[in-house]
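Got a structure for you, questions after.
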Amino acid sequence: MSDRIPVTVLTGFLGSGKTTLLNRILSEQHGKRIAVIENEFGEVGVDHELVIGAQEEIFETANGCICCTVRGDLIRVLGQLRKRRERFDYILIETTGLADPGPVAQSFFVDEDLKEDFELDAVVTLVDAAHVRRQLADSPTAADQIAFADVLVLNKTDLVDAATLAAVEQTLRGINSTARLVRTERASLPLDQVLDVGAFDLDRALSVNAAFLEPPRPFEWAGLYTLPAGHVKLHTGAHESAHDHGHDHDHDHEHEHEHDEAHEHGHGALAAVALLVLPAAASDAAALEATVEAATSAFEDTARPAASGTHLVPGTLYQLQLGHSAHFDLVLPKAGIWAVFTEHHPGEFGFHVHGEAPALERAFGSHHHDAEIGSIGIADARALDPNKVNDWLSYLLQSRGADILRMKGVLNFRGEARRYVFHGVHMIFEGKLERPWGEQARMNRLVFIGRKLDRHELEAGFESCIA
Amino acid sequence: MSPPRTRLAKRARLELGDYPVDAAWTADGRALVLASGEGEILWWAPATAPAPERLGQHSGGALALAWQGAGQHFASSGQDGQVWLWDARDRTHQVLSESAQWSEQLVFASHGRLLAVASGRELAVYDGCGALQARLPTHPGVIAALAWRYKSSELVAVFNGGIRWYRFEPAAQSRDYPWAGACLTASWSPDGRVFASGLQDGTVHFWYLAADENSQMKGYGAKVGLTSWSANSRYLASAADAMIVVWDFSGRGPEGTRPIQLDSHTARLTQLAYQPGGTHLASGGRDCRLMLWQPAKGSDAIDADLLPDEIALIRWSPDGQSLLVADRSGALTLYGLERL
């Protein structure tokens, strides 16, 4: 058994509830003696004797290799803590809201001292449900923190409505499809959700969420409506939105108030959103599914800008200009079932079809606003050649290691009774043969989380590994 | 004629019962100051009093110790953020400083008149009585190590991004030598010609300060966390992982020459120290082995001992004839050098 000290890294933007969670961890009876390393001084239990302040310091190498970048402050402080090993049995590192989690995680794989004495248990990222979409729009670090997470704690869920919450979860899943997602209010959650997670432990079963395995779509939502021929009104904005707050819109003060509130809910960050309407054969799931491929290719067209009041026709991709509130005239050639596809979840921009609710609706994952950072999954039952896998992953890590933030997977090697499991952080890779497949169907499952990932490139690479 | 063989002979033993964080010999080599993981500061005179005397305790653990050259003072620091200056004659101390940052680096100049203390990015310099002489807060990175030039008031601080040279007497001067890498160790050759630092990126960097030249030595498989000069300034020993690499500065070297490699350790080195006034090199590692070498004579260890736990400290006495070795469990052994 390993006598390495487990470490949980706690990240999250300012205001996401890290301090509340830390104070809870320190005050609760859980039988663990936890040492805390803080990069932000102050708020956490000052009386606690094992809270240590450290100034964040990034060690880069002369050759500029991003994967060799480590945190000098953590190496130093943990080196000192090791000398008092018997006084605690767990370490929690709280990073600043602006910290890049990459060097923090890498330090535990790259630095010889840390590698030998400490074991990264999990990266836990707290997310403020009310503000995360704004933070994502403002800072690439927010996406990095979400992408790196093994556990996403979606906090302050009581401060947003159900539609916003669903939209936020969609966004999180778009960036990181594999992290465990935990909803909380006031950072109140069972501590076994954040401690002893074993996310980097290859011996524990690798749980890969199945939802991510379908290809990403350029839209987050689709709905089927039964509509008459002629003009149909589409509305967007806080004004008369699907979750109308019931304010008096003629009153200036109330008006401003609502505007602010819309911001709080994250709607205000969207200036424009793409929309497409296509005919559907019926109002059932199969009919909706049948339109998805056509919609995906239509979303590759250049969207036509549409200001409030514009007439829209089916089959054309529009970029709806969202003001505080806007309305559009959908002109339909015939009555029937129509599929509406929107780039973002309707709850995010107060979208609804006048007087109509969708007969069927569906959310799509794996889509993030700037499409800069996201997850790609591959599931395939065919047996692989270990040598070819080695060649592919080596090439991939060398050529794309800077963009691949995390990867993990279970592989089905030809002629091998056991499964091969692996995980990686940037260019750092660990893999081994684990327990036998036994009764379970032999299935390759791989997940890549990173920037500018190319699904075709990854799939072609995987294809080259088939035995 | 072959040189006389030397071996390590055990002279005394002490169970500290706690992690030995640091140890410093008194100027006369008759006693040691010890600092423990729990923060205790102890006085141990093996020949006269086998049991150590407890002097005080830093709450939260100790970080470093330094003895004042030929003087009667020593300094200690702890995780309480305090730096204490002790008077060995009456065993009392004064608090030199207190900060939110740990002061992990304490070094007295060999002449004993100046004490350098690094706390985070800040450097403070005190005189032998504890009066503040300079406070230098603006280093580009956290100071990882400090080294005084022998018999001089010149100091070098190393950090992520290079090194900074200081002279404090008669007037304060400084100069930066930037380098794109995280410097970890500070070792000034006793003749003052070469300053060496081991780096996180698995290289060693040499600065020939007077000539304003520098060179980088690569080929280490891991970060270089230990460096030590031979007393005659000819050899620099360095360690990365389980390998000791010794560079020979005679002739045209070390640039373009093959270093001496000492590879008997089987796990990562934790301690590496050249003998004051001599040619022996002592090393210790996580393999629980203490080894004694004479790199100039060959790459085989000339003596070795196996300790119960990994080696935490190796400290030569000022005359180079005794060696304090402590393992992680807190067992301290005092060795003498015996010629066969």
Side-chain angles (χ1 to χ4, degrees), chain A residues 3-5 33 35-44 46-88 103 106-117, chain B residues 18-22 35-39 59-64 78-81 99-102 104-105 119-122 140-144 159-161 179-184 199-203 205 216 218 221-225 240-242 267-270 286 310 312 328-330:
Chain A
D3 63 350
R4 295 188 298 165
I5 308 167
R33 295 165 306 162
V36 178
I37 300 172
E38 269 192 292
N39 282 142
E40 281 164 319
F41 288 92
E43 296 160 72
V44 171
V46 283
D47 295 336
H48 194 273
E49 58 177 336
L50 281 172
V51 176
I52 297 132
Q55 243 177 332
E56 177 180 347
E57 189 174 35
I58 309 264
F59 281 180
E60 286 164 339
T61 53
N63 63 16
C65 172
I66 189 173
C67 309
C68 301
T69 304
V70 294
R71 285 278 296 266
D73 55 326
L74 298 180
I75 295 169
R76 195 167 46 245
V77 172
L78 289 170
Q80 293 290 355
L81 286 182
R82 178 179 181 267
K83 297 173 183 173
R84 297 157 70 201
R85 172 73 181 89
E86 65 293 336
R87 291 191 59 185
F88 54 85
Q106 274 168 198
S107 301
F108 293 91
F109 300 99
V110 172
D111 185 80
E112 291 78 21
D113 290 316
L114 262 52
K115 209 158 52 177
E116 207 158 310
D117 299 328
Chain B
D18 190 8
Y19 190 96
V21 171
D22 205 351
S36 77
E38 288 301 308
S59 65
L63 292 170
Q79 295 188 16
D80 52 9
S99 90
Q101 294 275 334
W102 287 353
E104 292 174 73
Q105 307 298 325
S119 316
R121 291 169 186 247
E122 181 174 294
V142 171
I143 298 170
F159 38 78
N160 178 28
W179 177 251
C183 298
L184 302 176
L199 279 87
Q200 178 80 26
D201 62 8
T203 62
H205 212 83
Q216 181 193 33
K218 300 183 183 178
K223 69 176 173 181
V224 182
D241 210 350
R268 212 141 48 79
L269 278 112
T270 53
R286 294 197 173 204
E310 67 176 59
R328 190 183 171 175
S329 73

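None of the values given here were measured: they were computed from a predicted structure. Per chain, numbering begins at 1; letters A, B, ... match sequence-line order.
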Checklist entry - Between B/Glu104 and A/Gln80, do the side chains contain an N or O donor and an N or O acceptor separated by less than 3.5 Å? => result yes
Next on the checklist: I'd like to know which of B/Pro20, B/Gly60, B/Gly37, B/Ala144 tops the heavy-atom pair count under 4.5 Å against chain A.
Outcome noted: B/Gly60
Item to check | Among A/Glu86, A/Arg76, A/Arg82, residue most engaged with chain B (heavy-atom pairs, under 4.5 Å) | outcome: A/Arg82
Checklist entry - Just wondering, do B/Trp102 and A/Val77 contact through their side chains at under 4.5 Å, heavy atoms? => result yes
Item to check | Closest approach of B/Val142 to A/Glu57 (non-hydrogen atoms, all atoms of both residues) | outcome: N-OE2, 2.8 Å
Checklist outcome for this item: Under 4.5 Å to a heavy atom of chain B? For A/Asp113 that would be both
Next on the checklist: Need one label for B/Leu199: side chain, backbone, both or neither, based on atoms under 4.5 Å from any heavy atom in chain A.
Outcome noted: neither
Item to check | Under the salt bridge (Lys or Arg N to Asp or Glu O under 4.0 Å) test, residues paired with A/Arg85 that sit two or more places apart | outcome: none
Checklist entry - Are a donor atom and an acceptor atom from the side chains of B/Gln200 and A/Asp111 found within less than 3.5 Å of each other? => result yes
Checklist entry - Between B/Asp241 and chain A, which part of the residue has a heavy atom less than 4.5 Å away: side chain, backbone, both or neither? => result neither
Checklist entry - Got a salt bridge between A/Asp117 and B/Arg286, using NZ or NE/NH1/NH2 to carboxylate O under 4.0 Å? => result yes
Checklist entry - Is a donor on one side and an acceptor on the other found under 3.5 Å between the side chain of B/Asn160 and the backbone of A/Ile58? => result yes
Next on the checklist: Closer than 4.0 angstrom, basic N to acidic O: yes or no for B/Arg268 and A/Glu116?
Outcome noted: yes
Checklist outcome for this item: Across all chains, not counting sequence neighbours, the salt bridge (Lys or Arg N to Asp or Glu O under 4.0 Å) partners of B/Arg328 are B/Glu310
Checklist entry - Given side chains that start at C-beta, do those of B/Asp201 and A/Glu60 come closer than 4.5 Å, heavy atoms only? => result no
Item to check | Pairwise distance NZ(A/Lys83) to OG(B/Ser36) - rounded to 0.5 angstrom | outcome: 11.5 Å
